[in-house]
Amino acid sequence: MKKAFITGITGQDGAYLAKLLLDKGYEVHGGVRRISQPENTRLDILGVSNDVHLHEFDLTEHNNIFRVIRDIEMDEFYNLAAQSFVGSSWELPVYTADVDGMAVVRILDTLRTIRPETRFYQASTSEMFGLVQEVPQSETTRLYPRSPYGVAKVYGHYITMNYRESFGMHASSGILFNHESPLRGKEFVTRKITLGLAALAHGGDQPVELGNMDAKRDWGFAQDYVEGMWRMLQQDEADDYVLATGVTTTIRDFFTYAAEALGMDLEWSGENENETATDRKTGKLVMKVNKKFYRPAEVDLLIGDPSKAQEKLGWKASVDIQNLAQMMAKSDFDAHR
Ligand code: NAP
Ligand code: G4F
């Protein structure tokens, strides 16, 4: 039986990956922060919280990382933990650099010292492309991060490549474009939209307040993406791969798809900070822009080229944006009930 360790097992991807690995017969271990996570909500929702082995873990503690690696003797190490909210990274730039950047070398250097045969996965991100230098973005596109989060992730990405090239470690980076699900954190725009619309559909009267409606993202379903992570670690050679759908959508269009899934018929009016959406059927205001949610620097267009992952890993996204919006909106509508 193979053993895997997942940092960030309580997060969206961590929970889906734990389920996938359990289904594949792995012994699954994961790191949890006692201070912030009294319950394992996502693991409970997926019905796996009793099947995983949880260990007190924080990416900022080098000796804690050392003991986990020494004691668990894992075959595969998935580093999914992060300060993952881009918006907060301007408020917490130093902390974000430590957790999303420096922690990666803490793990890699410990693995190199005591378990170099362990296969390592780093959660890199399309946010590293930032002010995009070509369209679509692939593994060879020049990086131009636009947030302290993106900058920290660039360090994690390059140090992973460097340990692979310097020490021959099986260390891979997945450059993942946005992936969402009913387990997505409530602060991210897709879930914020589907939670807000579900409350409105149940009779609520608070419009969803959003920032930049023109930003475009390449959104896929998280469950597909954790399968891609696992496939990367099953290759003979470690490498870097883009996982994406190849389709990009504005925040406005995602909002429209989610609203339609809940039976709304939107009328859009105004522009920029005066933009609003009203449901023609009820006359209710369902969206208004609030400048508070604008970012100091924006990533306007992300669209990934997943052809390498398709060719070498046999990986392909299986859920399109309309079905993703519908899945999330209906899940939040049912949960609200
Ligand atoms: P998420 O839901 O926000 O989960 C983040 C996880 O990291 C949580 O389990 C959190 O623990 C843990 N964590 C945060 N700080 C930590 C620390 N100091 N020590 C130990 N654990 C810590 O994120 P996600 O969406 O699953 O994303 C997984 C990874 O992929 C992240 O690295 C993210 O940056 C990256 N990524 C995500 C996407 C995406 O679209 N989802 C795209 C590209 C890359 P608590 O539960 O205690 O808070
Ligand atoms: O949902 P978001 O917060 O996701 P973002 O910034 O793309 O980051 C996510 O994807 C990255 C991969 O590219 C991951 F690395 C990262 O960990 C995270 O999972 O924002 C998406 C877009 C932005 O352009 C933002 O300005 O939505 C825009 N937006 C508009 N109004 C909003 C809002 N975002 C949020 N969170 N809240 C709003 O009210």
Side-chain angles (χ1 to χ4, degrees), residues 6-17 30-43 55-61 64-65 78-89 92 95-96 98-100 103-104 106 121-130 137 145-147 149-150 152-153 156-157 173-181 183-193 196 208-222 225-226 229 242-244 249-252 254-255 287 289-302 304:
I6 305 172
T7 75
I9 196 167
T10 54
Q12 170 189 259
D13 292 5
Y16 279 117
L17 180 64
V32 290
R33 296 190 292 173
R34 296 242 175 271
I35 42 172
S36 71
Q37 195 64 34
E39 296 158 29
N40 307 309
T41 324
R42 293 183 174 105
L43 295 168
H55 305 264
E56 188 156 9
F57 184 83
D58 197 303
L59 284 172
T60 58
E61 284 285 340
N64 174 226
I65 293 172
Y78 295 86
N79 182 34
L80 307 188
Q83 189 302 92
S84 68
F85 187 49
V86 174
S88 293
S89 72
L92 306 171
Y95 175 75
T96 304
D98 192 30
V99 172
D100 297 7
V104 185
R106 287 187 192 111
Y121 173 84
Q122 168 58 14
S124 288
T125 164
S126 50
E127 188 70 17
M128 301 189 304
F129 296 123
Q137 299 89 47
R146 291 271 281 173
S147 61
Y149 168 84
K153 284 282 187 178
H157 182 67
S173 270
I175 307 173
L176 271 49
F177 283 63
N178 298 50
H179 45 280
E180 321 290 311
S181 73
L183 302 185
R184 185 58 147 149
K186 294 173 183 170
E187 64 275 38
F188 299 97
V189 74
T190 53
R191 189 77 198 289
K192 181 174 169 184
I193 290 170
V208 188
E209 296 191 14
L210 298 172
N212 178 7
M213 299 298 285
D214 293 313
K216 290 181 164 182
R217 289 292 184 274
D218 179 328
W219 278 299
F221 178 36
Y225 288 60
V226 301
M229 296 174 191
V242 161
L243 298 187
T249 306
T250 60
I251 312 297
R252 186 179 300 101
F254 181 90
F255 192 99
M287 195 290 302
V289 168
N290 183 337
K291 277 168 72 180
K292 178 171 101 179
F293 298 109
Y294 285 177
R295 293 178 176 178
E298 184 57 281
V299 172
D300 288 321
L301 166 68
L302 288 177

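Read the numbers this way: they start at 1 and go in the same order the structure lists the ligands and their atoms. If you're wondering where the values come from, they're calculated on a predicted model, not measured in any experiment. We count residues from 1, following the sequence as given.
The structure places CZ of F255 at 6.0 Å from CD1 of I193, a figure rounded to the nearest 0.5 Å. Taking CG of L301 as the start and CZ of F129 as the end, the distance is 12.0 Å to the nearest 0.5 Å. Interatomic distance, OG of S173 versus CE of M229, reported as 11.5 Å (0.5 Å rounding). S84 contributes atom OG, which lies 11.0 Å from atom CD of E127 (distance to the nearest 0.5 angstrom). Interatomic distance, CZ of F85 versus CG of L92, reported as 11.0 Å (0.5 Å rounding).
Inspection of the Q83 and S88 side chains reveals no N or O donor paired with an N or O acceptor under 3.5 Å.
Residue T125 approaches ligand 2 through these ligand atoms, each under 4.0 Å from one of its heavy atoms: 11 (C), 12 (C), 13 (O), 14 (C), 15 (F). Set against the non-hydrogen atoms of T10, the atoms of ligand 1 under 4.0 Å away are 8 (C), 9 (O), 11 (O), 45 (P), 46 (O). Taking a cut-off of under 4.0 Å to the non-hydrogen atoms of L302, the atoms of ligand 2 that pass are 13 (O). Here is the list of ligand 1 atoms found below 4.0 Å of a heavy atom in T125: 43 (C), 44 (C). Ligand 1 places these atoms under 4.0 Å from at least one heavy atom of N178: 40 (O). Atom numbering of ligand 1 starts at 1 in the shown order; those under 4.0 Å from a heavy atom of Y95 are 15 (N), 18 (N). The F85 neighbourhood of ligand 2 comprises atoms 3 (O), 36 (N), with distances under 4.0 Å to a heavy atom of that residue. Which parts of ligand 2 touch G211 is read off a 4.0 Å heavy-atom cut-off, strictly below it: atoms 30 (C), 31 (N), 33 (C), 39 (O). Close approach of ligand 1 to L176 is summarised as follows: ligand atoms under 4.0 Å from at least one heavy atom of the residue are 42 (C), 43 (C). Short contacts between ligand 2 and F293, defined as distances under 4.0 Å to a heavy atom of the residue, involve ligand atoms 39 (O). Less than 4.0 angstrom separates some heavy atom of L80 from each of these atoms of ligand 1: 28 (C), 29 (C), 31 (C), 32 (O). Proximity to D58 (heavy-atom distance under 4.0 Å) selects the following atoms of ligand 1: 17 (C), 18 (N), 19 (N), 20 (C).
Residues Y149 and V86 share a closest heavy-atom pair of CD2-CG2, 3.6 Å. N178 and S126 get closest at one heavy-atom pair: OD1-OG, 3.8 Å. I9 and L43 make their closest contact through O-CD2, 3.8 Å (heavy atoms, listed as atom of the first residue, atom of the second, distance). Nearest heavy-atom pair, G304 versus A244, reported as atom, atom and distance to 0.1 Å: CA-CB, 3.6 Å. Between L59 and I65 the shortest heavy-atom distance is O-CD1, 3.7 Å.
At a heavy-atom distance under 4.0 Å, only side-chain atoms of R184, from C-beta outward, approach ligand 1. Contacts between R295 and ligand 2 below 4.0 angstrom, taking non-hydrogen atoms only, involve the side chain exclusively. Residue Y149 touches ligand 2 through its side chain alone, judged by heavy-atom distances below 4.0 Å. Contacts of S124 with ligand 1, taken as heavy-atom pairs under 4.0 Å, involve the backbone alone. Only side-chain heavy atoms of V86 come within less than 4.0 Å of ligand 2; its backbone N, CA, C and O stay farther off. With a 4.0 Å cut-off on non-hydrogen atoms, I251 touches ligand 2 through its side chain and not its backbone. Only the side chain of A215 comes within 4.0 Å of ligand 2, counting heavy atoms alone; its backbone N, CA, C and O stay farther away.
Counting only non-hydrogen atoms, the option in E127, E187, H179, R184 that gets closest to atom 19 (O) of ligand 2 is R184. With K186, E180, E298, Q83 as candidates, the residue nearest to atom 25 (C) of ligand 2 on a non-hydrogen basis is E298. Summarising the contacts of atom 27 (O) of ligand 1 with I6, D13, L17, the nearest heavy atom is found in D13. Nearest to atom 1 (P) of ligand 1 by heavy-atom distance, out of G220, A123, S84, is S84. Checking I175, L176, V189 against atom 34 (N) of ligand 2, the nearest heavy atom belongs to V189. Compare A81, S126, A244, G174 by their heavy atoms: the one nearest to atom 21 (N) of ligand 1 is in A81.
A salt bridge does not link K192 with E180: every distance from a Lys NZ or Arg NE/NH1/NH2 to an Asp or Glu carboxylate oxygen is 4.0 Å or more. Salt-bridge annotation for R34 and D58: absent, with no side-chain N of the basic residue lying under 4.0 Å from a carboxylate O of the acidic one.
Proximity of a side-chain donor or acceptor of T7 to a complementary backbone N or O of L80 within less than 3.5 Å is detected. T10 contributes no side-chain N or O that, together with a main-chain N or O of V32, makes up a donor-acceptor pair within less than 3.5 Å. Of the possible donor and acceptor atoms, none in the side chain of R42 sits under 3.5 Å from a partner among the backbone N and O of A15.
The closest approach between any non-hydrogen atom of Y16 and ligand 1 is not below 4.0 Å. Distances from ligand 1 to the non-hydrogen atoms of Y149 include at least one value under 4.0 Å. The shell of residues lying under 4.0 angstrom from ligand 1, judged by heavy atoms, excludes T7. Under a 4.0 angstrom heavy-atom cut-off, E127 registers as lying outside contact with ligand 1.
Of the N or O atoms in F57, none lie within a sub-3.5 Å distance of an N or O in ligand 1. For ligand 1, the polar-atom distance check against F188 finds no nitrogen or oxygen pair separated by under 3.5 Å. Distances between N or O atoms of V99 and those of ligand 1 include no value under 3.5 Å. Backbone and side-chain nitrogen or oxygen atoms of N79 are examined, and none is located within less than 3.5 angstrom of a nitrogen or oxygen of ligand 1.
When side chains are defined from C-beta on, W219 counts as touching V189, because their heavy atoms get closer than 4.5 Å.
For atom 13 (O) of ligand 2, the closest non-hydrogen atom of the protein is S126 OG, 2.6 Å.
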